[in-house]
K.L.:
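Got a structure for you, written out below as structure tokens; questions coming shortly.
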Amino acid sequence: MNIEELILTPLTLEYLDQATQLCGKCVGENLYTKSIIEATIKQQNQQFFLLITPQKKAVAYIYFKLITLREAELLSKKSLSKLKQIVKKDDLIIGNLQSIGVLAEYRKCKLSEYLMKVYLEYLLKNTQADIAFGVFWKKNGEIPMEKNLKKFGFCYLVNSKRVWYDKKELICPICNGRCKCDGAIYYKILERGELL
């Protein structure tokens, strides 16, 4: 699949069912319910983009939102006060990369790299976010997003144990039930005028 053949589109109700199924296949059933995904259409601080084929099949997505430092700490189950010291600002605006996924048969086509660029460019052009941030899945100790994170200049901060364990409804594709996977926290200071 050539990326030029795919269409980037913000989520609409037309693609809501496909987006929900795509999230289930990529990050586990019930992590993002249909109602959670639908809310991204109406809320200004959240964005959900899809890559679709000319035949209107959704094959990849990225979901991100603006959050506070406290929300980032709750999400990551870690104290993140170090970020305030790094940015030298108390009231941080964080562009949290909530989730990214690509259907198995479309992987290794640089789609996640393309979507990372969409995410960063959106934050730089359309928000006042100070930091790009994410809690990234450690799949059997490996971080599938690590190569892209390094490519775009993200810095590793800390690991977090069993980040999604309290989401009892989530059926983890690795654990085949309640998720015992760890997460790795990465961040990137956003500088306006930066070329990606």
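Hydrogens, waters and symmetry mates are skipped; everything else that's a heavy atom, side chains included, is used.
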K.L.:
Less than 4.5 Å apart, side chain to side chain, heavy atoms only: is that true for Lys34 and Asp17?
P.N.:
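They are in contact (side-chain heavy atoms under 4.5 Å apart), so the answer is yes.
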K.L.:
Donor-acceptor check, side chain of Gln18 to backbone of Ala58, threshold 3.5 angstrom: yes or no?
P.N.:
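Flag set: sc Gln18 to bb Ala58 pair under 3.5 Å.
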K.L.:
Does any part of the side chain of Leu51, heavy atoms only, come nearer than 4.5 Å to the side chain of Tyr106, both counted from C-beta?
P.N.:
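A side-chain contact is absent here, since even the closest heavy-atom pair is not under 4.5 Å.
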K.L.:
Is there side-chain contact between Trp164 and Cys175, with heavy atoms separated by less than 4.5 Å?
P.N.:
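In short, these two side chains do not touch, never coming nearer than 4.5 Å.
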K.L.:
Could you check Asp130, Leu80, Leu83 and say which one makes a side chain to side chain contact (heavy atoms under 4.5 Å, CB included) with Tyr187?
P.N.:
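Of all the options given, the one that passes is Leu83.
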K.L.:
Sort out for me which residue in Lys77, Lys161, Lys180 forms a salt bridge (charged side-chain N to carboxylate O under 4.0 Å, His left out) with Asp166.
P.N.:
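Output: one option passes, namely Lys77.
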K.L.:
Please work out which of the three classes, parallel, tilted or perpendicular, describes the rings of Phe49 and Phe64, given edges at 30° and 60°.
P.N.:
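The arrangement is parallel - the two ring planes meet at less than 30°.
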K.L.:
Considering only NZ, NE, NH1 and NH2 on the basic side and carboxylate oxygens on the acidic side, decide whether Lys150 and Glu146 come within less than 4.0 Å.
P.N.:
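Counted as a salt bridge, because a side-chain N and a carboxylate O are separated by less than 4.0 Å.
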K.L.:
Under a 4.5 Å side-chain heavy-atom rule over Ile, Leu, Val, Met, Phe, Trp and Tyr, are Leu74 and Leu92 clustered together?
P.N.:
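Not linked; separate clusters.
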K.L.:
Can you tell me if CD on Glu105 sees more than 12 non-hydrogen neighbours from other groups inside 6.0 Å?
P.N.:
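Yes, because the 6.0 Å sphere around CD of Glu105 holds more than 12 heavy atoms from other groups.
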K.L.:
Going by the ring-ring contact (aromatic ring centres under 6.0 Å, His included) test, which pairs reach into residues 11-33, not counting sequence neighbours?
P.N.:
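Residue pairs passing ring-ring contact (aromatic ring centres under 6.0 Å, His included), neighbours aside: Tyr32-Tyr63.
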K.L.:
What heavy-atom pair brings Ser112 and Asn148 nearest, and what distance separates the two atoms?
P.N.:
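Nearest pair, atom of Ser112 first, then Asn148: OG-ND2, 2.8 Å.
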K.L.:
Between Tyr61 and Ser99, is any side-chain donor less than 3.5 angstrom from a side-chain acceptor?
P.N.:
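Their side chains do contain a donor-acceptor pair, which is all the 3.5 Å distance test asks for.
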K.L.:
Do Ile37 and Phe48 make a side-chain contact, defined as non-hydrogen atoms from C-beta onward lying under 4.5 Å apart?
P.N.:
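With C-beta onward as the side chain, the pair touches.
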K.L.:
Can we say Glu73 and Arg70 salt-bridge, meaning some charged N sits less than 4.0 Å from an Asp/Glu carboxylate O?
P.N.:
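Arg70 and Glu73: salt-bridged.
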K.L.:
So, taking the atom named CD1 in Ile93 and the one named CD1 in Ile131, what distance separates them when rounded to the nearest 0.5 Å?
P.N.:
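The CD1 atom of Ile131 is 11.0 Å from CD1 of Ile93, to the nearest 0.5 Å.
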K.L.:
Distance from Met145 atom CE to Phe154 atom CZ, nearest 0.5 Å?
P.N.:
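Separation between the atoms: 8.0 Å.
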K.L.:
If I compare all heavy atoms of Lys25 with all of Leu103, which pair ends up nearest, and what's the gap?
P.N.:
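Minimum heavy-atom contact is CD-CD2, 3.8 Å.
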K.L.:
Once rounded to the nearest 0.5 Å, what's the spacing between atom OG1 of Thr9 and atom CG of Leu50?
P.N.:
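Answer rounded to 0.5 Å: 7.0 Å.
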K.L.:
Do Ile36 and Ile171 share a hydrophobic cluster (ILVMFWY, side-chain heavy atoms under 4.5 Å, transitive)?
P.N.:
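Different clusters.
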K.L.:
Any chance you could measure Thr33, atom OG1, to Glu38, atom CD, to the nearest 0.5 Å?
P.N.:
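So the gap between those two atoms works out to 9.5 Å.
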K.L.:
I'd like to know whether Met116 forms a side-chain contact (heavy atoms from CB on, under 4.5 Å) with Lys151, so could you lay out the CA-CA distance, the side-chain angles of the two residues, the decisive distance to 0.1 Å, and finally the verdict.
P.N.:
CA-CA 10 Å; Met116 282 286 287; Lys151 180 180 178 93; over 6 Å; no
K.L.:
Closest approach of Ile100 and Ile62, non-hydrogen atoms and distance?
P.N.:
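Looks like CD1-CD1, 3.9 Å.
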K.L.:
Passes side-chain contact (heavy atoms from CB on, under 4.5 Å), Tyr119 versus Leu123? Steps please.
P.N.:
CA-CA 6 Å; Tyr119 154 69; Leu123 291 181; 3.4 Å; yes
K.L.:
Between Glu191 and Leu124, does the side-chain contact (heavy atoms from CB on, under 4.5 Å) criterion hold? Intermediate values first, please.
P.N.:
CA-CA 8 Å; Glu191 296 180 25; Leu124 288 165; 5.8 Å; no
K.L.:
So which atom in Gly95 and which in Leu66 form the shortest heavy-atom distance, rounded to 0.1 Å?
P.N.:
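Answer, listing the atom of Gly95 first, then Leu66: CA-CD2, 4.0 Å.
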K.L.:
Using only atom types and a distance under 3.5 Å, with no angle test, would you say the side chain of Arg178 pairs donor to acceptor with the backbone of Tyr165?
P.N.:
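Confirmed, Arg178 side chain pairs with Tyr165 backbone.
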K.L.:
Among Leu69, Leu97, Ile94, which one satisfies side chain to side chain contact (heavy atoms under 4.5 Å, CB included) with Phe133?
P.N.:
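Testing each of Leu69, Leu97, Ile94 against Phe133, the sole residue satisfying side chain to side chain contact (heavy atoms under 4.5 Å, CB included) is Ile94.
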K.L.:
Yes or no on side-chain contact (heavy atoms from CB on, under 4.5 Å) for Lys57 and Ile52, after CA distance, side-chain angles and deciding distance?
P.N.:
CA-CA 5 Å; Lys57 177 185 177 183; Ile52 60 169; over 6 Å; no
K.L.:
Does the side chain of Gln98 pick up a donor-acceptor pair with the side chain of Asn96 at under 3.5 Å?
P.N.:
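Distance-only check passes for Gln98 and Asn96.
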K.L.:
Search all heavy atoms of Leu11 against all heavy atoms of Ala19 and return the closest pair with its distance.
P.N.:
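Looks like CD1-CB, 3.8 Å.
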K.L.:
Closer than 3.5 angstrom, by distance alone: can the side chain of Ser76 be matched with the main-chain N or O of Val135 as a donor-acceptor pair?
P.N.:
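It does not hold such a pair.
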K.L.:
If I take atom NZ from residue Lys65 and atom OG1 from residue Thr127, how far apart are they, to the nearest 0.5 angstrom?
P.N.:
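That separation rounds to 15.0 Å.
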K.L.:
Got a second to check how far Ser160's OG is from Lys138's NZ, nearest 0.5 Å?
P.N.:
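Ser160 OG to Lys138 NZ: 10.5 Å, rounded to 0.5 Å.
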K.L.:
Of all the heavy-atom pairs spanning Ala184 and Ile143, show the shortest one and how long it is.
P.N.:
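Between these two residues, the closest heavy atoms are CB-CD1, 3.6 Å.
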